Novice: 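Sharing a structure with you now.
Worth saying up front: this structure is predicted, and the values here are computed from it rather than measured.
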Amino acid sequence: MPDIAAVKAALAAQRIETPSWGYGNSGTRFKVFAQQGVPRDPYEKLDDAAQVHAYTGVAPKVSLHIPWDRVDDYAALAAYAKGRGVELGAINSNTFQDDAYRLGSVCHPDPAVRRRAVRHLLDCVDIMDATGSADLKLWFADGTNYPGQDDVTARQERLAESLAEVYARLGDDQRMLLEYKFFEPAFYTTDVPDWGTAYAHCLKLGPKARVVVDTGHHAPGTNIEFIVALLLREGRLGGFDFNSRFYADDDLMAGAADPFQLFRIMHEVVRNGGLAPASGIAFMLDQCHNVEAKVPAVIRSVCNVQEATAKALLVDGDALAAAQRDGDVLAAHAVLMDAYDTDVRPLLRALREERGLDPDPVAAYLRSGRQERIAAERAGGDQAGWGA
């Protein structure tokens, strides 16, 4: 059976990165819904992220999104984050909210548009230099709507050329994390639609290029844990964008729609060494909170990831391996289900108390009264959000 002390140590060492955009206004494709107390600038987003870390103890990094988090002095922003007990994490690029990108960005048939997109990506690397960030995260909305609209092979060539130019600009300790999405917003072809396409480009680029698995970016029925296991085996899993979905890229709280899937993913992470710092796996959230209060929702998501990880750590590896060797299908499945059915909340409550944290982070935050305070303090000004 797993050593509980070792399980606690692994959980205490786990780090979960939260997204700056998760604290801003968001909504559907038709309407962005405003909430009281939403941050008005990147500094206030960091204030909120610091609260998540203060109550959970495992969320010290914050992903930035450019240009949503653009400031005049990124070194000053990094210093501000440090003063709040957090640090800046991945830099996320945006090549999907400019009129020039109507037919694509790095895959666009017009060299001038591709140049514009690459210049933005290079600017993001400059920002990484200023913030000390290690990861450049790329997601492209590029694709086509109609057969014959563009040359599919030529678009892959343009993508490869653009990625190569940005890859060459990376520093020794910097990485490129390439995300994929099998559909949307393009209706006919998507230029990076699956893990295989992302993996192929990363292999060609070199060891500093890895694949990001967004748990919402898959067709129904896709075995995401298989993808995770394969990429871990190849040393090409760069990280996750955790969220939950019912149909497509819903961006609901991690573990909300299918907690068993999150457990299965974390089981593959644990058994393949993905929790070890040397693996370089970035456990990031990628969520937009439309109808629920944002800071409590991010705290809840972090707790959900912790619970899935705790259950994965409780899998009896020796018993599982023995059942697998014997071809005992029911026994092997039972080992996994025993771990999944374990109520790990008492273990996590005890761990938090041992670390001087409240055993119930969401309830503790709500009791603090901060949600009401920021609603009053942040009245006026322009709230942050991705706009629609």
Side-chain angles (χ1 to χ4, degrees), residues 1-16 58 194-196 199 210-215 218-242 244-245 254-284 301-355:
M1 290 294 294
D3 183 336
I4 297 301
V7 169
K8 283 185 175 181
L11 290 168
Q14 187 179 29
R15 295 294 177 261
I16 300 166
V58 296
D194 51 41
W195 69 270
Y199 177 54
R210 295 195 182 188
V211 180
V212 169
V213 175
D214 185 308
T215 51
H218 301 84
T222 300
N223 190 317
I224 300 175
E225 56 267 32
F226 172 83
I227 299 170
V228 169
L230 189 146
L231 290 173
L232 278 166
R233 180 177 182 273
E234 299 300 319
R236 288 289 178 160
L237 179 63
F240 291 95
D241 273 358
F242 283 129
S244 244
R245 70 181 178 89
D258 190 350
F260 186 48
Q261 181 189 68
L262 183 57
F263 160 75
R264 300 194 310 266
I265 290 170
M266 291 310 303
H267 168 62
E268 294 300 334
V269 169
V270 168
R271 76 173 303 274
N272 289 288
L275 280 187
S279 70
I281 310 303
F283 298 97
M284 296 178 276
S301 295
V302 170
C303 292
N304 287 351
V305 175
Q306 284 186 294
E307 289 181 17
T309 305
K311 292 182 178 190
L313 287 163
L314 288 176
V315 172
D316 188 333
D318 293 337
L320 181 61
Q324 290 171 343
R325 284 194 304 270
D326 294 341
D328 193 334
V329 176
L330 290 178
H333 180 63
V335 171
L336 278 187
M337 294 310 299
D338 284 345
Y340 178 70
D341 289 336
T342 301
D343 185 356
V344 296
R345 291 174 298 176
L347 184 153
L348 285 165
R349 284 196 291 266
L351 174 62
R352 291 175 186 130
E353 288 178 330
E354 291 169 9
R355 303 183 68 202

Novice: Do we see a donor-acceptor contact under 3.5 Å between the side chains of Gln261 and Thr215?
Specialist: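 There is no such pair between these side chains.
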Novice: Identify the heavy atoms of Ala319 and Asp316 that sit nearest to each other, and give their distance.
Specialist: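 Result for this residue pair: N-OD1, 3.1 Å.
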Novice: Once rounded to the nearest 0.5 Å, what's the spacing between atom CG of Asp241 and atom CE of Met284?
Specialist: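 Going from the CG atom of Asp241 to the CE atom of Met284 covers 5.5 Å.
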Novice: Does Val211 form a side-chain contact (heavy atoms from CB on, under 4.5 Å) with Glu234? I'd like the steps, not just the answer.
Specialist: CA-CA 11 Å; Val211 180; Glu234 299 300 319; over 6 Å; no
Novice: How far does CG of Asp3 sit from CG of Leu313, to the nearest 0.5 angstrom?
Specialist: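 Taking CG in Asp3 and CG in Leu313, the distance rounds to 11.0 Å.
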Novice: Any idea which heavy atoms bring Lys311 and Ala339 closest together, and the distance?
Specialist: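 Heavy-atom minimum between the residues: O-CB, 3.4 Å.
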Novice: Can you name the ring-ring contact (aromatic ring centres under 6.0 Å, His included) partners of Tyr340, sequence neighbours left out?
Specialist: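 For Tyr340, the residues satisfying ring-ring contact (aromatic ring centres under 6.0 Å, His included) (neighbours in sequence not counted) are Phe260, Phe263.
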Novice: Is there a donor-acceptor contact under 3.5 Å from the side chain of Arg15 to the main chain of Pro277?
Specialist: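 Between the backbone of Pro277 and the side chain of Arg15 there is no qualifying donor-acceptor contact (under 3.5 Å).
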Novice: Grab the two heavy atoms, one from Glu268 and one from Ala229, that are nearest each other, plus how far apart they are.
Specialist: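 Nearest pair, atom of Glu268 first, then Ala229: OE1-CB, 3.6 Å.
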Novice: Count the heavy atoms belonging to other residues, nucleotides or ligands that lie under 6.0 Å from CZ of Arg345, then report whether that count exceeds 12.
Specialist: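 No, because the 6.0 Å sphere around CZ of Arg345 holds 12 heavy atoms or fewer from other groups.
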Novice: Can you list everything that forms a side-chain hydrogen bond (donor to acceptor under 3.5 Å, both in side chains) with Arg264? Sequence neighbours excluded, please.
Specialist: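 Only Glu225 meet the side-chain hydrogen bond (donor to acceptor under 3.5 Å, both in side chains) criterion with Arg264.
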Novice: Using every non-hydrogen atom in the two residues, find where Leu320 and Val315 come nearest and quote the distance to one decimal.
Specialist: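 Heavy atoms only, the tightest pair is CD2-CG1, 4.1 Å.
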Novice: Any chance you could measure His267, atom NE2, to Asn272, atom CG, to the nearest 0.5 Å?
Specialist: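 Going from NE2 on His267 over to CG on Asn272, the span is 8.5 Å.
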Novice: Closest approach of Ser244 and Ala257, non-hydrogen atoms and distance?
Specialist: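 Looks like OG-N, 3.0 Å.
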Novice: What I'd like to find out is whether the side chain of Asn223 reaches to under 4.5 Å of the side chain of His218, using heavy atoms alone.
Specialist: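 No; the side chains remain at least 4.5 Å from each other.
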Novice: Between Phe283 and Val305, is there a side-chain heavy-atom distance shorter than 4.5 Å?
Specialist: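 SC-SC contact between Val305 and Phe283 ruled out.
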Novice: Output the distance between atom CD1 (Ile227) and atom CG (Leu232), rounded to the nearest 0.5 Å.
Specialist: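 If I round to the nearest 0.5 Å, the distance is 12.0 Å.
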Novice: Could you tell me whether the side chain of Arg210 reaches within less than 4.5 Å of the side chain of Leu231, counting heavy atoms only?
Specialist: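 No, too far: nothing below the 4.5 Å cut-off.
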Novice: Distance from Leu237 atom CG to Leu230 atom CG, nearest 0.5 Å?
Specialist: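 It comes to 10.5 Å.
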Novice: Mind checking what makes side-chain hydrogen bond (donor to acceptor under 3.5 Å, both in side chains) contact with Arg352, not counting sequence neighbours?
Specialist: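 Listed in chain order: Gln306.
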Novice: Hey, what's the ring geometry for Phe240 with Phe242, parallel, tilted or perpendicular (30° and 60° as the breaks)?
Specialist: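 Answer is parallel, since the angle falls under 30°.
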Novice: Which heavy atom in Ile281 sits nearest to a heavy atom in Gly274, and how many Å separate them?
Specialist: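 What the structure gives for the nearest pair is CG1-O, 3.5 Å.
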Novice: Quick one: pull up CG in Leu11 and CD1 in Ile4 and give me the separation to the nearest 0.5 Å.
Specialist: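 That separation rounds to 9.5 Å.
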